[in-house]
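Hydrogens, waters and symmetry mates play no part in the numbers below; they use all other heavy atoms, side chains included.
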There are 2 protein chains.
Amino acid sequence: MSPRRVTLGDVAQRASVSVATVSRALSGDSQISEATQQRVRQVASDLRYIPNVAARSLVLQSSATFGLMTPDVTDPIHGQVVTGFQQRAAERGYSVILANGFRDAETERRSLREFAAHRVAGVAVMGSVLRQTEVKRLLSPSPTLFIGSDHLPAVGTDLDLPRGCVRPDDRDGMDQVVAHLIERGYRTVAYVSGSSGANQIVRRDALIAALAARGAPQPVVFQADDVDDAGLQAVTAQILRRRPDVVVCYDDKTALSLMDELRTAGVNLPDEVGVVGFDDIPFARISNPRLTTVSQRSDELGRISAEFLLATLDGKRLPLSQLMPVTLVVRETTPGPRRRAGTKAKKSTVPVAIR
Amino acid sequence: MSPRRVTLGDVAQRASVSVATVSRALSGDSQISEATQQRVRQVASDLRYIPNVAARSLVLQSSATFGLMTPDVTDPIHGQVVTGFQQRAAERGYSVILANGFRDAETERRSLREFAAHRVAGVAVMGSVLRQTEVKRLLSPSPTLFIGSDHLPAVGTDLDLPRGCVRPDDRDGMDQVVAHLIERGYRTVAYVSGSSGANQIVRRDALIAALAARGAPQPVVFQADDVDDAGLQAVTAQILRRRPDVVVCYDDKTALSLMDELRTAGVNLPDEVGVVGFDDIPFARISNPRLTTVSQRSDELGRISAEFLLATLDGKRLPLSQLMPVTLVVRETTPGPRRRAGTKAKKSTVPVAIR
DNA sequence: TTGTATGCGTTATCAC
DNA sequence: GTGATAACGCATACAA
């Protein structure tokens, strides 16, 4: 049926040389005369020769391929990381096999085994629910890189592993957030966790620490385990009751969804309550009101990750773990607290002129 | 350095059988006695044996791998398609190599050659700038599938190829949009194209056709070649001048961005102008105001695509091309036209009682 | 029921 | 400079 694909042998025959010569010529071996190089290349091109990477990686004992596992590319942040990673890998001639783990342990294990079966040159893992030791064991001896803060086994450590971790500097991000909130005059702050996962704990603790460092009151923490539906509505109800000045959310997606719920509940944003996100996804810039958030260059995160893996190719160890810088982007959701009519605090603290 | 990986031979030796027996036992060959099957599996597991897919695909002349090319996974729609595709492929034991084409011809060619080098069992292409014939030639003899409407060489055809195309039913979607707009009383409609690409032409023409079919006036078409900045601002200026009742956008991203621009320009949405998107990305549901749009199950699109490729594995031809159903989701951006104070039309048509 | 031998396409180690 | 040839790890046709 399908016409057998053209091999080195075909090219060799057509060019009247040996397969060895073709192999060398195509790889630009300087031992081959310029003349034959030209001729071989020409023939290869004429015949539409395309090397078989399976054969190559079989003899080379490694494939020019990386594995990349994410929870789910649907998330804008994951998408950006994947894009950056793939782009950088491609620039260096590497392919990337993508796997979605869906935060399911068995699915993740299958994916990692698949990577191992492909004898990938390296693997980057984002937001796995597996323990890092297990991930490394499954993939060994391929170098394994962890992207983002969603792996920390012990919260409170800044970096879990001394090498092979790349993630945004959540601590610093939250610090910038807190500085901004205080400067704008916000007093009571709440934290809303989004999805489950270690990352949101890292950010929560970072917020708590940042608040404490500046002598500000501790935040009220709302857990919204189920982001999509009931969870956020429950949180909204809580917010309506507790009336914090500002709500810091685990990420932009949570923040934007929460804003929608609050709007549904008739809350006037950002006057009645401020909102802060995290990640600076594209839609944070054009939401209404526009979301104040912590910006991270996720595509850079992806590119750096690929770079890390690339750096291990010549037998070197993984580069030291690294925190990526983040910057607060102040937009419209944190204008500062407004006096609310009928608020007790106002009545009791603001002197009223009697006449 | 790295401890040589365990092979079939290692398992064979440890289990005191031949490699052939191990190979057969592991693939569940019924010719092997139950006893040895058990033992071999046990040993393989103990030794942490992981098959080498390179060797396997070399002898099998095909790899359990699909190639998937998208313009850029950052786009929510692409992300969903990729997720669905990868998920379905994984369910059947297939890996997927992801490549971003970035709408650059050379980058795309490199990616496709990479797929060919991997001897992938099939390729799905989304939004390529290459001609379909070239894509097929580059990939031949691997079956090639086209996802979405971004390939049509000739606009006006519903489906370019009789086989191997899967895309949402843009025609029907625009028809539903027009029906809705007319029912709500909108008269003048404008169309805003987003990114370049064939897809937006398809949708534009679908809108034109739908309008014509119902005897409604033709739309004004605004071209926003550069979605991000200047393009949309120019379009906004145009809209301010022409004042259409409603603006139908190429996709949600364009619609949401436009809404942001309009808001910046002080336009009161949706009262002064209605907005319609296309795709129903997650943020369309929580925008303010919430976006009326055409919903397509993009994850399903991805899954179906993988299914199509899977269906060709036993030597069959690609399934017939298919249009995926879409449904209009009416939300808040199309409440119907409001009377605008100071509008000439109003003054001249509405009789005013003299007193 | 199991073992032996061959070949898949490539790179690399030798010869020449 | 170039040509044989031996791996690489696996699946299978053919023997036993």
Could you tabulate the donor-acceptor pairs under 3.5 Å formed by side-chain atoms of residues 309-317 of chain B, not counting sequence neighbours?
{"from": "Thr312(B)", "atom 1": "OG1", "to": "Leu309(B)", "atom 2": "O", "distance (Å)": "2.6"}
{"from": "Asp314(B)", "atom 1": "OD1", "to": "Lys316(B)", "atom 2": "NZ", "distance (Å)": "2.9"}

query: Given atom CG of Leu8(A) and atom C1' of dT2(D), what is their separation to the nearest angstrom?
result: 15 Å
field: Contact interval (first through last nucleotide) of DNA chain C with protein chain B, 4.0 Å heavy-atom
entry: dT1(C) to dG9(C)
message: Using C1' atoms of five pairs at each end, report the bend of the helix from dT1(C)-dA16(D) to dC16(C)-dG1(D) rounded to 10 degrees.
response: 40°
statement: So, with a heavy-atom separation below 4.0 Å from DNA chain D, the residues of residues 53-66 of chain A are Leu58(A), Val59(A), Gln61(A)
Option among Ile97(A), Val73(A), Val82(A) that satisfies the side-chain contact (heavy atoms from CB on, under 4.5 Å) test with Leu98(B): Val82(A)
query: Hey, does the side chain of Thr70(A) reach the backbone of Met126(A) with a donor-acceptor pair shorter than 3.5 angstrom?
result: no
query: Backbone N or O of Ser45(B) within a donor-acceptor pair of the Arg48(B) side chain at under 3.5 Å?
result: no
field: Residue-level proximity of residues 12-47 of chain B to DNA chain D when a heavy atom falls under 4.0 Å
entry: Ala20(B), Ser23(B), Arg24(B)
message: For residues 88-122 of chain B, which residue pairs pass the ring-ring contact (aromatic ring centres under 6.0 Å, His included) check, not counting sequence neighbours?
response: Phe66(B)-Tyr94(B)
Short side-chain to backbone donor-acceptor contact, Arg41(A) and Ala25(A), under 3.5 Å: yes
field: Under 3.5 Å: donor-acceptor pair, side chain of Thr83(B), backbone of Gly79(B)
entry: yes
- request: Return the value, rounded to whole Å, for the distance between atom CD1 of Ile50(B) and atom C1' of dC8(D).
  value: 18 Å
Non-hydrogen side-chain atoms of Gln38(B) and Glu34(B) separated by less than 4.5 Å: yes
field: Candidate pair Gln87(B) and Arg303(B), rule side chain to side chain donor-acceptor pair (under 3.5 Å), full reasoning
entry: CA-CA 7 Å; Gln87(B) 187 176 32; Arg303(B) 291 185 66 89; 3.2 Å; yes
message: Show the nearest heavy-atom pair for residues Ala124(B) and Ile147(B), with the distance to one decimal.
response: CB-CD1, 3.8 Å
query: Taking 4.0 angstrom as the limit, do Asp104(A) and Arg110(A) come out as a salt bridge?
result: no
- prompt: Do we see a donor-acceptor contact under 3.5 Å between the side chains of Ser27(B) and Asp29(B)?
  reply: no
- request: Would you check if the side chain of Ser63(A) reaches a backbone N or O of Arg119(A) as a donor-acceptor pair within less than 3.5 Å?
  value: yes
